[in-house]
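Let me begin by presenting the structure, written as structure tokens, before commenting on it.
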Amino acid sequence: MSNCAIVGINWGDEGKGRMVDLLTEHFDIVVRYQGGGNAGHTVINERGSFALHLLPSGIFRPGVVNVLGNGVAVDLENLWNEIRQVAEKGVEVTPENLWISDRASLLLPWHRSLDGLEEDRLAGKKFGSTKQGIAPFYSDKFQKKTILAGELLYPEHLENHARDLLEWKNLTLTGVYGAPPVSMEELMGWLNEFGTHLKPYIRNTGKALREAVEAGKRILFEAQLGSLRDLDYGIHPYTTSSNPIAAYAPVGAGLPSVHVDEIIGVVKAYSTCVGEGPFTCEWFGPEAEKLRQAGHEYGAKTGRPRRVGPIDLVATRYGVECQGATALALTKLDVLSYMDRIPVCAHYRLNGALTDDFPFPAVLEQAEPVLEYLEGWGCDISCVRRWEDLPEAARRYVEYVEQAIGCPFAYVSVGPERDAIIYR
Ligand code: GDP
């Protein structure tokens with residue numbers, strides 16, 4: 001295997017960062033290919049506990065090169081702060097182990113302001129944005145109204161381009177939202193301050209990655225969020241504004257002609273979801289609170305309590321199909337240990353009929369979960385490291401899920417620590 005994508009099968013927060021951190025051992029380069037700092041990957045290893053937002057999860061492995069590809073929303077300020085935060089815990093980030101694509105677009109402070117202004121305008125009809133500016137950023141990228149990271153290397157060009165964009169953006173800020181305009185001093189001050197810190201990291205990563213492929217280097221593509229948040233295939237409009245699916249990895253990474261050899265989909269042993277939108281399996285009340293606490297289900301970026309429920313086999317099967325997963329990792333199986341019997345959503349009921357097809361977004365809200373129950377295992381499994389040492393009921397749960405979703409679990413995670421993993 002020369003390259004591999006690690007992707008989320010569900011709504012995000014499946015534990016992708018944990019899997020990337022584990023598997024980087026076998027790779028030379030880790031590339032983030034979409035999204036921005038709007039979600040968090042939690043990684044716990046011998047160097048501490050980290051919540052990464054923009055930095056690829058390979059940053060902890062000495063010798064691994066980490067790349068922010070052209071598909072990523074690069075917020076210079078947040079990236080610089082994150083670099084300093086991990087540096088405080090002894091993780092060195094240098095232009096040797098972090099490369100920023102010169103073709104990545106910059107997420108500017110006005111994207112964050114616009115996110116907040118639009119959520120305020122929507123009032124009761126919010127999409128649940130993390131207000132990190134992601135949707136306004138990608139809208140501007142598709143309008144070709146963004147600054148590329150590489151422009152920081154051409155100051156005169158940058159200033160002229162920034163002035164044109166400022167004039168255009170102020171029309172929206174003041175005219176549409178009645179907000180104060182941004183001045184050229186503010187914009188250039190921000191670009192210069194953070195640009196100075198980050199310029200050394202910017203390079204033609206497409207060329208460097210092509211050369212790495214030719215030299216036989218192994219590349220890991222790291223996704224943010226999951227299938228059901230994909231702009232084109234997710235629960236529109238409650239999706240993110242980019243494509244977390246593996247098919248986008250070569251494009252967003254800077255290797256458009258490369259074939260992804262292996263796609264490892266990360267599935268959580270139960271369902272969680274942050275933000276708004278239909279969530280068929282959702283639990284409420286004490287049942288939800290118990291699961292939320294058992295799994296520490298609070299957002300890494302926002303601290304928001306995550307919505308929780310049993311595993312959703314209809315959505316998960318669809319998620320696996322969208323990703324074209326070749327193998328799966330099941331995470332957080334240990335969290336279910338407190339349950340006497342484990343609920344699974346085996347089908348949906350839609351308009352009175354049973355269905356196994358994931359519905360069109362507009363009717364998803366009407367779908368009801370059809371639950372089945374499997375026997376619980378009633379003991380702590382977080383110290384188990386071999387498949388045959390798992391209680392039989394836990395193995396049955398894993399086998400039941402993989403059979404239902406049509407793809408094997410190659411890894412079963414029973415704790416957040418790097419070594420809390422069972423290889424099958
Ligand atoms: P990501 O964005 O997909 O990387 O996921 P998050 O980091 O947002 O959420 C996953 C959370 O679950 C993190 O806090 C991990 O440390 C934790 N985690 C990952 N795998 C396991 C596991 O198998 N068991 C337990 N108990 N926690 C896990």
Side-chain angles (χ1 to χ4, degrees), residues 5-24 30 32 34-60 82 130 132 220-230 240 244 246 264-275 290-308 311 316 319 323 328-339 380-385 390 394 397-398 401 409-424:
I6 297 192
V7 295
I9 296 297
N10 307 119
W11 296 263
D13 306 317
E14 299 92 348
K16 295 175 293 296
R18 177 251 188 287
M19 289 307 298
V20 175
D21 178 60
L22 176 76
L23 296 174
T24 41
V30 178
R32 274 277 309 267
Q34 46 76 228
N38 51 324
H41 290 178
T42 309
V43 176
I44 300 175
N45 57 32
E46 77 283 357
R47 307 176 80 165
S49 171
F50 301 87
L52 298 180
H53 302 293
L54 264 169
L55 286 173
S57 308
I59 203 71
F60 306 105
E82 200 172 316
T130 54
Q132 293 296 308
L220 184 60
F221 301 106
E222 178 179 15
Q224 181 213 36
L225 295 165
S227 308
L228 299 162
R229 297 291 189 193
D230 185 274
T240 194
I264 298 178
V266 186
V267 176
K268 200 181 267 192
Y270 51 94
S271 300
T272 65
C273 159
V274 178
K290 211 165 168 190
L291 179 54
R292 187 175 295 121
Q293 284 188 9
H296 304 290
E297 295 298 348
Y298 301 90
K301 181 77 195 178
T302 57
R304 287 189 286 188
R306 291 176 182 150
R307 299 159 76 191
V308 298
I311 195 165
T316 303
Q323 296 288 8
L328 298 174
L330 184 69
T331 58
K332 300 196 124 177
L333 187 63
D334 54 303
V335 172
L336 301 183
S337 298
Y338 78 88
M339 293 182 183
D380 180 11
I381 56 168
S382 58
C383 295
V384 176
R385 296 292 176 267
L390 270 180
Y397 181 75
V398 176
V401 172
F409 285 112
Y411 311 87
V412 177
S413 173
V414 290
E417 305 82 15
R418 194 182 266 172
D419 71 335
I421 196 87
I422 296 167
Y423 295 90
R424 280 180 79 204

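Note that ligands are numbered from 1 as they come in the structure, with each ligand's atoms numbered from 1 the same way.
The existence of a salt bridge linking Lys268 and Asp13 is excluded, since no basic side-chain nitrogen approaches an acidic carboxylate oxygen closer than 4.0 Å.
Backbone and side-chain nitrogen or oxygen atoms of Ile44 are examined, and none is located within less than 3.5 angstrom of a nitrogen or oxygen of ligand 1. Of the polar atoms of Leu333, none of the N or O atoms is found under 3.5 Å from an N or O of ligand 1, judged by distance alone.
The shortest distance between side-chain heavy atoms of Tyr298 and Arg292 falls below 4.5 Å. Here the side chains of Val20 and Val43 are not in contact, with every heavy-atom distance at 4.5 Å or above.
Atom OG1 of Thr272 sits about 7.5 Å away from atom CG of Asn10, to the nearest 0.5 Å. Here CG of Leu52 is found 9.5 Å from CG of Leu54. Values are rounded to the nearest 0.5 Å.
Short contacts between ligand 1 and Ser413, defined as distances under 4.0 Å to a heavy atom of the residue, involve ligand atoms 20 (N), 21 (C), 22 (C), 23 (O). In the vicinity of Gly17, heavy-atom distances shorter than 4.0 Å reach the ligand 1 atoms 4 (O). Those atoms of ligand 1 that come under 4.0 Å of a heavy atom in Lys16, given as number and element, are 1 (P), 2 (O), 3 (O), 4 (O).
The proximity of Val414 to ligand 1, defined as any non-hydrogen pair under 4.0 Å, is limited to the backbone. By the criterion of a heavy-atom distance under 4.0 Å, both the backbone and the side chain of Asp13 are placed next to ligand 1. Contacts of Arg306 with ligand 1, taken as heavy-atom pairs under 4.0 Å, involve the side chain alone.
When the heavy atoms of Glu14, Lys332, Gln224, Arg18 are ranked by distance to atom 17 (C) of ligand 1, first place goes to Lys332. Counting only non-hydrogen atoms, the option in Ala420, Ala223, Ser57, Gly415 that gets closest to atom 22 (C) of ligand 1 is Gly415.
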Might you work through the side-chain contact (heavy atoms from CB on, under 4.5 Å) test for Glu222 and Ile6, ending with a clear yes or no?
CA-CA 5 Å; Glu222 178 179 15; Ile6 297 192; 5.8 Å; no
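When each of Val398, Val384, Thr331 is paired with Val412, the side chain to side chain contact (heavy atoms under 4.5 Å, CB included) condition holds for Val398 and for no other.
Using a 4.0 angstrom heavy-atom cutoff, Gly12 does not count as in contact with ligand 1.
Between Phe50 and Phe60, the ring planes lie tilted relative to each other; the angle falls in the 30° to 60° range.
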